[in-house]
Amino acid sequence: MTSLVADVAFDLPVDRAFSYRVPPGLALSRGQRVRAPLQGRVRVGVVIAVRRDDAPGGEAIRDAVEPAPLYGAAMLATAERAAAESFASLGATLAALAPPLPRRGPGEAVAAPPEVTAAAPGPIELWTDAGREDRLVAELLHGAGSALVVAPDIAAARRWAERLGAGRLDSGASDDERRDAWFGAARGRPRLVVGTRSALLAPLPPPATVALVDEHDPAHKPPGAPRLHSRDVLARRAAAEGSRLVLLSATPSVESWARADAGEVERPEAAPGPWPEVIAADTRGILRNHPLTLPLTRAIEHASRAGRPLALILARESAALGCDECAEVLRCPDCGIALALSRAARTLACRLCGRAEPLPERCGACGGHRLSPVGWGVERVEASLRKRFPGLAVTRARPTSGAGPVIAPGVRAVIGTVGLLRDVPRGSLGAVGFVALDVLLRQPDFRAGERAFQGLWAAAEAVHPSGRVIAQTRHPEHYAVRAAVRQDRGEFYSHEVKFRAELGYPPFRRLCTVSATAVTDAAARALVEECAAALRGIAGLDVYPPARRGAPTAKRPRWSLLIKGPAELPRLLAGPLAALGPGRRRRGGMLQVEMDPVSWS
DNA sequence: AGCACGCCGACT
DNA sequence: GTCGGCGTGCTC
């Protein structure tokens with residue numbers, strides 16, 4: 001006697017499905033959420049297959065969470081690819097890309113996702129012009145198709161939902177609201193939905209547009225499965241269901257820019273928008289005792305006269321060491337990124353390849369004796385500002401909770417990090433000052449130049465065309481600074497692409513980090529060394545020597561390993577890593593794999 | 001002998 | 001992730 005069996009994927013670091021009998025009378029489909037017993041308790045999982053079996057044994061499905069599936073075939077295929085590429089389990093991936101569980105009883109309207117069969121991958125567009133957001137709003141409001149807008153954080157999702165009158169899928173909305181938006185979207189009501197990462201697989205009837213706001217924002221790759229950038233998940237989605245993908249950013253990731261150069265992504269010509277005066281204030285030799293240069297002081301006066309608020313941008317003090325005389329930064333000769341200072345160990349170490357050397361006595365370029373970390377603390381900047389402008393109301397940006405405007409009424413000057421510019425209305429500031437741009441430029445991360453450029457461009461967009469952006473820097477000729485001064489994206493990307501090509505960084509090579517934590521430093525090291533040994537010798541891979549991350553005396557000592565490889569890096573690593581069992585404990589330690597890491601500080 | 005702890009495999 | 005089995009080793 002044959003009966004039905006369902007294969008269920010759970011939110012576990014286990015890359016296999018579990019099979020259950022389907023009780024008579026329960027209609028189940030792929031993509032549906034169910035409750036089933038596992039290890040003595042009832043858990044929620046997703047049905048990934050329903051099949052006939054001659055001799056079904058074991059446990060039965062308890063019930064369905066919803067009467068209809070969450071995901072259609074195209075979304076399941078997208079999740080499978082995302083899981084495989086990021087070395088996460090399918091169950092963990094689906095659990096991260098799902099609406100909240102129901103808390104209310106029956107009566108809820110639940111619609112199945114549309115069945116989509118894509119004839120061809122949809123187009124990918126990269127919009128970089130100043131009017132990109134207004135144009136997307138107008139297009140979506142006046143269009144007839146369905147659309148999903150993915151924002152980097154809850155605050156942005158809220159703003160987009162308000163502008164579009166869209167349903168909200170992000171966790172800033174109530175569970176009921178999110179479920180209504182998810183299941184309503186399947187029927188095209190609401191026609192427009194907005195969300196963050198958890199919304200990537202929300203159902204959309206064709207023809208559909210999927211938009212990613214602030215494509216370059218690292219918040220699009222949050223912690224947790226699947227450890228892939230939302231841009232990459234959406235690209236797979238658009239290919240699987242044939243929807244149109246629109247990426248929005250004035251300063252796209254170099255990866256997306258290069259795809260446009262290669263003709264894989266459409267990048268319409270962007271007419272220059274309004275632009276304030278952007279000034280590079282050279283601080284070589286003059287900024288050791290005061291954080292405000294003359295150009296910045298003038299810009300503050302200018303903003304005050306115009307009656308507009310201003311922002312001063314700081315960053316945490318950099319771990320990099322620079323020469324006070326010639327402005328050279330001490331860099332790793334192999335990786336090209338700034339070496340990171342460890343005061344405790346009295347060493348300079350490369351966070352990419354692990355090279356470590358004792359603190360040098362003098363600058364390798366000019367022989368200067370004054371080597372110091374760059375940057376200004378908030379307290380010092382605030383004190384200087386109050387002293388120089390006693391009448392100015394000064395506040396520190398509170399950590400953004402996403403609620404309310406960052407620049408409150410009455411506040412004339414705000415001190416914060418670059419993140420502060422995200423929540424500022426276009427053209428609303430009188431001035432933005434980067435007190436120490438070099439802290440951004442010298443981050444020990446190959447994306448430091450990109451981040452600095454993006455920060456400057458965001459500042460120019462946040463400042464009124466009659467206002468000013470001041471970049472205090474010892475590198476006024478750096479191409480990221482010059483590109484912002486001249487409002488010339490091409491200048492930045494052409495230099496940056498060259499740098500990435502020369503040193504083998506994305507988009508020319510793909511990166512992966514494998515890190516190990518264990519109870520002891522030695523065990524973590526042994527684990528990651530074992531991993532490195534297994535990967536060395538695979539053609540096409542560069543496996544760098546393992547490096548310690550953080551202090552050897554940390555509660556959970558951590559070592560990590562950088563791997564560079566071609567586009568098919570996930571496929572090359574799949575076999576060897578499966579044998580090592582990432583996510584599972586071994587000898588008291590654990591391996592974690594991160595594809596396409598966005599930062600490593 | 002009896003129990004505490006930690007490692008490791010298994011989870012339908 | 002979480003549970004339990006079982007081996008090691010300490011204690012009564």
Side-chain angles (χ1 to χ4, degrees), chain A residues 1-65 69 76 79-80 82-84 86-98 100-101 197-198 222-228 514-531 534 554-559 576-594:
Chain A
M1 146 141 195
T2 71
S3 52
L4 283 181
V5 167
D7 296 326
V8 179
F10 293 94
D11 183 6
L12 301 173
V14 176
D15 202 15
R16 64 172 269 234
F18 296 83
S19 303
Y20 296 85
R21 284 180 291 114
V22 179
L26 180 61
L28 285 185
S29 318
R30 293 185 75 209
Q32 196 161 358
R33 272 200 293 207
V34 292
R35 278 178 274 262
L38 185 71
Q39 266 190 303
R41 48 190 225 238
V42 176
R43 296 161 182 265
V44 171
V46 175
V47 175
I48 56 167
V50 181
R51 58 194 167 83
R52 298 215 155 264
D53 195 315
D54 288 331
E59 298 273 5
I61 300 270
R62 286 295 155 80
D63 59 357
V65 176
L76 281 176
E80 269 169 38
S86 63
F87 302 96
S89 72
L90 178 57
T93 299
L94 290 170
L97 307 179
L101 291 166
R197 179 180 193 75
S198 59
R227 304 197 73 164
L228 272 193
V514 176
S515 62
T517 55
V519 186
T520 65
D521 187 64
R525 177 176 192 171
L527 205 50
V528 84
E529 293 278 10
E530 183 189 352
C531 185
K555 297 132 279 175
R556 299 286 297 174
R558 175 181 293 269
W559 280 69
L577 286 184
L580 289 162
R584 280 200 295 275
R585 278 162 310 200
R586 303 158 45 81
R587 276 192 256 128
M590 175 141 94
L591 282 180
Q592 285 183 321
V593 181
E594 170 103 26

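So that the names make sense, note that chain A is the first sequence line, chain B the second, and so on, each numbered from 1.
The CG-P distance, from A:Asp15 to B:dC11, rounds to 16 Å in whole Å. Per the geometry, CG belonging to A:Asp53 stands 12 Å off C1' belonging to B:dT12, to the nearest Å. In this structure, CZ of A:Arg62 is placed 12 Å from P of B:dT12, rounded to the nearest angstrom. Put simply, CD on A:Glu59 is 13 Å from P on B:dC11, counting in whole angstrom units. In this structure, A:Leu38 atom CG and B:dG9 atom P are separated by 19 Å, rounded to whole Å. The CE atom of A:Met590 sits 16 Å away from the C1' atom of B:dG6 (whole-angstrom rounding).
Within the 4.0 angstrom heavy-atom criterion, base atoms lie near A:Gln39. At the heavy-atom level, A:Arg41 lies under 4.0 Å from the strands shown only through sugar-phosphate atoms. Nucleic acid contact for A:Leu12: base, since at least one base atom lies under 4.0 Å from a heavy atom of the residue.
Between A:Arg43 and C:dG1, a side-chain N or O to OP1/OP2 separation shorter than 4.0 Å is absent.
In terms of the side chain to side chain contact (heavy atoms under 4.5 Å, CB included) criterion, residue partners of A:Arg52 (sequence neighbours excluded) are, by chain and number, A:Thr2, A:Leu4.
Between the CZ atom in A:Arg21 and the CD1 atom in A:Ile61 there is a gap of 10.0 Å [rounded to 0.5 Å].
Between the side chain of A:Ser89 and the backbone N or O of A:Leu12, at least one donor-acceptor pair lies under 3.5 Å. With hydrogens and angles disregarded, no donor-acceptor distance shorter than 3.5 Å links the side chain of A:Tyr20 to the backbone of A:Arg62.
The side chain of A:Pro13 approaches C:dG1 more closely than any other nucleotide in the set C:dC3, C:dG1, B:dT12.
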